[in-house]
Amino acid sequence: MKIESVKVIVTCPGRNFVTLKIVTDQGLHGIGDATLNGREKAVVAYLEDHVAPLLIGKDASRIEDIWQLLYRGAYWRRGPVKMTAIAAVDTALWDIKGKSAGMPVYQLLGGASRDGVMVYGHANGADIQETSDEVGRYIEMGYKAVRAQSGIPGVKGAYGVGRGKLHYEPADATLPTETLWNTATYLNFAPKLFDQIRNEHGAGVELLHDVHHRLTPIEAARLGQSLEPYRLFWMEDCTPAENQEAFRLVRSKTTTPLAVGEIFSSIYDCKDLIQNQLIDYIRATVVHAGGITHLRQIAGLAALYQVRTGCHGATDLSPACMGAALHFDLWVPNFGIQEYMRHTTETDEVFPHAYSFSDGYLHPGEAPGIGVDIDEELAAKFPYDPKQLPIARLSDGTMWNW
Ligand code: KDG
Ligand code: MG
């Protein structure tokens with residue numbers, strides 16, 4: 001089964017998505033997500049100029065060999081643009097393999113390890129009360145786990161509080177919107193948020209929180225300690241992780257579980273974190289970490305150290321990534337949780353999919369392949385709309401981590 005054509009489709013049904021479509025000489029096709037929020041066109045060029053010509057005529061069933069060709073063959077290793085491009089090819093090839101076998105991808109991986117994939121939804125509000133009310137709405141919808149982010153008095157544009165409730169979307173302008181960060185105000189505020197949420201909703205719901213890389217290790221340690229009474233499922237991205245050693249300090253000071261990895265593109269980004277048991281959850285996902293083929297290596301390493309998975313699933317990851325991630329989640333032995341931010345109706349229409357939500361769990365469905373397709377005619381009606389993620393500065397103008 002030879003690869004006959006490779007096409008990159010860019011569409012903006014409410015937000016930008018890049019999708020790779022691979023068609024074989026047997027008429028089967030597969031798709032893969034290639035979206036890198038705010039830097040979409042870099043991946044488009046990488047795929048169109050450097051990857052597509054290599055793929056034409058190759059045997060589509062040789063997923064591993066093609067992965068190695070794209071990884072080793074480029075000479076230049078790792079990096080988000082390259083690994084996102086590889087992920088798109090890898091996902092499309094798993095999709096094709098599933099279709100050719102007449103099986104959903106989770107069956108090819110080894111079959112289901114669970115009946116459904118527990119997900120967490122996003123509750124956010126302008127203040128503590130609004131956020132707590134929103135947590136209540138998620139519980140009513142059946143969610144067993146909810147991430148809570150709140151507006152903070154004195155902090156302009158706190159992370160995770162968007163324009164809309166259902167479809168929070170941070171990439172909001174052609175040039176980055178400036179937000180103002182204040183660590184001291186945040187550190188005093190965060191325990192109050194979770195105190196009220198636990199008081200109003202009890203101990204039954206799993207609560208998560210994303211710090212979004214804003215703290216130094218010692219500040220993260222303090223936050224972890226102050227959140228211990230509220231028994232979080234995890235505290236995410238508490239400090240930037242380029243320096244994996246930095247987590248040693250946080251880890252030694254708090255029992256709040258730690259999650260990291262949504263911006264990781266390779267196993268080498270998390271090797272030390274995992275092997276030294278400095279984290280509890282690894283958040284790398286299909287689209288930014290080299291596809292199913294590489295993600296399962298990361299999960300395999302993590303399993304040795306009782307680190308569980310918690311795949312990134314924000315709205316800037318397309319339904320093609322979500323579909324693939326759900327097959328992975330249903331199979332992976334050391335599954336933890338899956339992030340689930342619902343897409344807009346327009347996005348769901350452009351990407352018809354077999355996965356479905358019920359009572360706090362997602363299931364990838366039984367369609368052969370990843371169970372997600374792209375309606376190209378509809379996609380063409382939504383042209384690319386350049387948007388970038390916000391930036392954060394301190395009150396004296398210093399650039400900070402958004
Ligand atoms: O593109 C950036 C988003 O994916 C990111 O800000 C979302 O941190 C995020 C999360 O945990 O979903
Ligand atoms: Mg995050």
Side-chain angles (χ1 to χ4, degrees), residues 12 14-18 33-43 80-81 83-84 87 119-124 138 143 145-150 157-173 176-177 179 181 186 190 206-215 220 223 232-241 257-265 269-270 279-289 309-322 325 336-344 347 362 385-392 400-402:
C12 185
R15 72 155 349 279
N16 294 310
F17 293 112
V18 180
D33 185 18
T35 310
L36 188 61
N37 203 4
R39 296 292 184 272
E40 297 87 6
K41 289 295 187 80
V43 186
V81 173
M83 296 305 279
T84 300
V119 297
Y120 68 92
H122 281 213
N124 65 81
Y138 273 88
Y143 284 79
V146 187
R147 181 184 104 158
Q149 307 290 141
S150 171
Y159 169 74
V161 187
R163 291 160 294 164
K165 293 259 178 280
L166 273 180
H167 311 298
Y168 164 65
E169 181 50 71
D172 58 357
T177 303
T179 63
W181 181 245
Y186 168 74
E206 299 288 3
L207 294 174
L208 300 87
H209 183 63
D210 191 349
V211 186
H212 222 250
H213 326 272
R214 308 252 169 132
L215 302 178
L223 178 65
L232 261 54
F233 188 90
W234 77 35
M235 174 169 84
E236 174 182 335
D237 286 338
C238 61
T239 193
L258 303 176
V260 69
E262 68 182 38
I263 64 170
F264 291 171
S265 47
D269 296 325
C270 49
I279 56 170
D280 300 280
Y281 296 93
I282 178 69
R283 300 222 337 105
T285 194
V286 175
V287 59
H288 298 135
T309 65
C311 288
H312 187 203
T315 39
D316 49 291
L317 285 60
S318 93
C321 174
M322 180 56 83
I337 200 165
Q338 167 70 52
E339 182 180 20
Y340 178 42
M341 274 177 94
R342 287 159 296 182
H343 289 109
T344 59
T347 296
L362 275 168
D385 182 15
K387 289 272 167 34
Q388 293 203 29
L389 287 166
I391 58 167
W400 200 244
N401 312 312
W402 175 74

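Counting starts at 1 for both ligands and their atoms, in listed order.
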Notebook entry, point to check: Do any protein N, O or S atoms sit under 2.8 Å from the Mg ion (ligand 2), and which ones are they?
Noted result: Asp210 OD2, Glu236 OE2, Glu262 OE1

Check: Quick one: is the NZ or CZ of Arg214 closer than 6.0 Å to the six-membered ring centre of Trp400, and within 45° of its axis?
Finding: no

Margin query: List the residues meeting ring-ring contact (aromatic ring centres under 6.0 Å, His included) with His213, not counting sequence neighbours, and say none if there are none.
Written below: none

Margin query: Please report the interatomic distance CG(Leu215) to CG(Asp237), rounded to the nearest 0.5 Å.
Written below: 10.5 Å

Notebook entry, point to check: Ignoring hydrogens and geometry, is there a side-chain-to-backbone donor-acceptor pair from His288 to Pro80 under 3.5 Å?
Noted result: no

Check: Are His209 and Tyr159 an aromatic pair by the rule of ring centers under 6.0 Å?
Finding: no

Please tabulate, one line per pair, the protein N or O atoms found under 3.5 Å from any N or O atom of ligand 1, giving the distance to one decimal.
residue  : atom   : partner : partner atom : Å
ligand 1 : 1 (O)  : Asn37   : ND2          : 2.9
ligand 1 : 1 (O)  : Asp316  : OD1          : 3.4
ligand 1 : 1 (O)  : Asp316  : OD2          : 3.0
ligand 1 : 4 (O)  : His312  : NE2          : 3.0
ligand 1 : 4 (O)  : Asp316  : OD1          : 2.8
ligand 1 : 4 (O)  : Asp316  : OD2          : 3.1
ligand 1 : 6 (O)  : His212  : NE2          : 2.8
ligand 1 : 8 (O)  : Tyr159  : OH           : 2.9
ligand 1 : 8 (O)  : Asp210  : OD2          : 3.0
ligand 1 : 8 (O)  : His212  : NE2          : 3.0
ligand 1 : 8 (O)  : Glu262  : OE1          : 3.0
ligand 1 : 8 (O)  : Glu262  : OE2          : 2.7
ligand 1 : 11 (O) : Arg147  : NH1          : 3.2
ligand 1 : 11 (O) : Asp210  : OD2          : 3.0
ligand 1 : 11 (O) : Glu236  : OE2          : 2.8
ligand 1 : 11 (O) : Glu262  : OE1          : 2.9
ligand 1 : 11 (O) : Arg283  : NH2          : 3.1
ligand 1 : 11 (O) : Glu339  : OE2          : 3.4
ligand 1 : 12 (O) : Glu339  : OE1          : 3.1
ligand 1 : 12 (O) : Glu339  : OE2          : 2.4

Check: Is the Tyr120-Tyr138 ring centre distance short of 6.0 angstrom?
Finding: no

Notebook entry, point to check: Using 4.0 Å as the upper bound for N to carboxylate O, is an ion pair formed by Arg283 and Glu339?
Noted result: yes

Check: In Å, rounded to the nearest 0.5 Å, how long is the span from CG of Leu232 to CG of Leu208?
Finding: 6.5 Å

Margin query: Restricting to ring-ring contact (aromatic ring centres under 6.0 Å, His included), what partner residues turn up for Phe264, sequence neighbours left out?
Written below: none

